Amino acid sequence: MASLVPSLGQLVSDATCLFKKLFNDEAPKIAACAPGRVNLIGDHTDYNQGYVLPMALSLVTVVVGSASSGQEAIIVTASELADEPKKVDLSLPNEGFPSFPGLPHWANYLRGIMHHYRALPLPGFRAVVVSSVPLGSGLSSSASLEVAFYTFLQQLRPAPVPAAAKHPHNMMLPPPRFTFDDGDKVAKAIACQQAEHTHAGVPCGIMDQLVSVLGMEGHALLIDCRSLESIPVPLSDPGLVFLITNSNVKHSLASSEYALRRGQCEKAASILGKPSLRDATVNDLEDSHSGHGPTMKISDPSMISKWEDFHYSRVSTYSYCSTLFVFPVPAWHCNKLTLYSLSPSQESRAQLDDVTYRRASHVIGEICRTLKAAESFKNGSFQEFGKIMVESHNSLRDLYEVSCKDLDDLVCAAMEVEGVFGSRMTGGGFGGCTITLLKADAIHRTIQNIQGVCILELFGPH
Ligand code: GLA
């Protein structure tokens with residue numbers, strides 16, 4: 001069944017009730033929130049300094065609370081899936097004193113934020129966290145927690161830039177990081193990303209935190225993960241819908257696979273003699289040993305310079321739980337989706353081993369696809385956008401090997417329906433969600449078909 005997303009007001013009200021129940025019926029004085037995200041295209045490109053096209057969701061994390069006397073920092077999560085205990089006391093570190101990761105795991109995101117917060121020292125406080133972003137679903141529940149908590153801390157100790165702090169050469173002052181928060185949004189996203197690196201152990205890229213900080217209602221963001229500049233992309237066509245389907249397979253980015261992929265990309269860039277795979281082309285990949293010519297043209301970023309002229313579509317999101325979908329979809333569903341072919345030369349594999357070659361192929365292709373997809377939105381070519389989505393899914397499945405059977409089945413089931421333009425896994429992979437672009441009037445038959453395929457598999461053909 002399609003799940004209803006609780007409103008922001010409902011979440012704040014739930015968090016306020018819990019806060020009052022836990023803390024002597026006192027009403028919290030501060031509320032902060034930050035959204036989860038879905039990535040329309042451009043996965044595993046952010047840590048290669050490429051392009052991504054995510055949009056913020058109405059699924060959000062809310063933090064409510066108040067300052068208190070003393071140095072206690074008491075935080076309670078309402079999340080049933082968070083590990084025990086749900087209540088932690090992260091007593092405030094002294095200025096410049098590091099906080100270390102520990103148990104429970106969910107609190108590591110908060111420890112990380114307190115460690116990297118740019119306006120220490122903090123007063124004591126009490127807080128409650130509630131969220132409508134499903135944990136481990138690939139919709140950035142962790143980034144939304146980090147950004148919401150960072151925003152909460154910013155309100156807890158509003159810190160206008162002191163005049164003296166504007167003079168970084170004044171040696172009487174402690175390092176600026178410990179004295180003020182200049183309100184820079186990109187710096188805030190970077191601090192949240194750092195928290196995830198140092199305290200959650202995930203060497204993630206910048207996409208999730210950046211879109212959680214900068215995301216705008218009714219827009220996607222085309223982010224250049226090298227310059228960290230982003231361009232809002234209005235999604236304003238009432239005739240279109242993005243459908244998010246949750247496989248309910250919990251992914252774990254902290255597992256070694258994400259870090260392994262990142263390492264393979266760095267190795268490929270190093271062999272190709274490039275600072276990152278953003279700088280590499282298919283030519284480089286193919287020519288790295290053989291000197292063979294190009295097999296594919298990479299889009300020129302200048303193609304996307306005139307964003308104001310673009311015609312975009314308004315997009316609604318639906319969340320769909322696929323708990324019942326435990327039976328395999330027949331293989332022919334997938335075969336007809338293979339839209340690309342790649343023929344790696346034996347010579348380039350001599351330098352880049354097969355696995356590293358395929359990882360690099362995905363990243364170089366995905367950066368190109370993200371630009372092409374953005375351009376096709378500009379032209380209102382949703383058919384083309386959908387085709388690129390499927391190419392992206394196939395590449396993540398076959399070259400980057402981060403998909404799984406449940407995600408492949410959801411993509412296949414969506415692609416059978418008339419009115420569906422394209423579908424792909426989204427985010428880090430190994431479970432989580434798919435994202436599907438379709439005509440608004442196809443939404444019910446798309447949901448039905450996904451259910452129908454699974455019911456068919458469940459009971460077998462008659
Ligand atoms: C996770 C990471 C992001 C990004 C995606 C894959 O969501 O947090 O930085 O790498 O995976 O695109």
Side-chain angles (χ1 to χ4, degrees), residues 34-57 59 61 108-109 112 133-147 186 189-215 220-226 228 230 244 246-247 249-266 276-278 359 362-367 369-370 373 389 392-393 395-397 399-404 407 424-435:
R37 64 96 189 97
V38 68
N39 192 20
L40 306 186
I41 194 160
D43 273 313
H44 293 278
T45 52
D46 58 354
Y47 52 82
N48 290 294
Q49 302 191 11
Y51 289 91
V52 292
L53 188 62
M55 69 174 180
L57 296 174
L59 299 164
T61 297
N108 281 334
Y109 300 102
V133 191
L135 295 192
S137 62
L139 299 179
S140 288
S141 55
S142 53
S144 74
L145 173 59
E146 290 151 9
V147 175
V186 172
I190 291 171
C192 292
Q193 180 198 24
Q194 287 303 311
E196 185 130 353
H197 285 195
T198 57
H199 286 69
V202 182
C204 63
I206 191 65
M207 168 171 70
D208 305 347
Q209 291 79 12
L210 208 51
V211 72
S212 188
V213 170
L214 298 177
L221 283 187
L222 180 68
I223 302 174
D224 177 342
C225 297
R226 166 168 283 170
L228 302 187
S230 57
I244 299 170
N246 189 351
S247 71
V249 176
K250 300 284 174 237
H251 71 154
S252 172
L253 285 178
S255 74
S256 54
E257 289 295 327
Y258 187 91
L260 187 63
R261 295 294 183 287
R262 191 171 174 153
Q264 287 163 340
C265 291
E266 282 159 12
S276 77
L277 286 178
R278 164 72 176 271
R359 304 298 187 250
H362 164 73
V363 172
I364 294 169
E366 186 79 351
I367 292 171
R369 277 187 291 273
T370 305
M389 286 176 87
S392 166
H393 180 80
S395 178
L396 287 158
R397 182 192 63 199
L399 299 179
Y400 219 63
E401 297 180 282
V402 291
S403 187
C404 64
L407 292 172
R424 60 187 290 278
M425 59 152 277
T426 180
F430 304 107
C433 289
T434 61
I435 173 95

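First listed ligand is number 1; within each ligand, the first listed atom is number 1. Model, not experiment: these values are computed from the prediction.
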Are any of the heavy atoms in Gln209 under 4.0 Å away from ligand 1?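 False for this residue.
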Enumerated ligand 1 atoms positioned under 4.0 Å from heavy atoms of [X]:
X	value
Tyr47	10 (O)
Arg37	7 (O)
Met207	4 (C), 5 (C), 12 (O)
Cys204	2 (C), 8 (O), 9 (O)

Looking only at side chains, do Arg226 and Gln49 share a donor and an acceptor under 3.5 Å apart?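 Yes, because at least one side-chain N or O of Arg226 sits under 3.5 Å from a partner of the opposite role on Gln49.
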For Arg369 and Ser395, does a side-chain donor sit closer than 3.5 Å to a side-chain acceptor?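 Per modelled atom types, Arg369 and Ser395 side chains form a pair under 3.5 Å.
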Between ligand 1 and [X], is the shortest N or O to N or O distance under 3.5 Å?
X	result
Ser140	no
Gly205	yes
Asp208	yes

Gln209 to Cys192 - nearest heavy-atom pair and separation: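 In terms of heavy atoms, the two residues are closest at CG-CB, 3.7 Å.
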Is any side-chain heavy atom of Thr370 closer than 4.5 Å to one of Val52?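 The answer is no; the side chains never approach within 4.5 Å.
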Can you find a heavy atom in the side chain of Ser392 that is under 4.5 Å from one in the side chain of Asp43?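 SC-SC contact between Ser392 and Asp43 ruled out.
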Inspect the contact between Arg359 and Glu401 and indicate whether a charged nitrogen and a carboxylate oxygen are less than 4.0 angstrom apart.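 Salt bridge flag = yes for Arg359 with Glu401.
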Electrostatic pair Arg262:Glu266 at N-O distance under 4.0 angstrom: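 The answer is yes: the pair qualifies as a salt bridge.
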Could you check which of Leu396, Asp43, Asp46 puts a non-hydrogen atom nearest to atom 9 (O) of ligand 1?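 Among Leu396, Asp43, Asp46, the closest heavy atom to atom 9 (O) of ligand 1 comes from Asp46.
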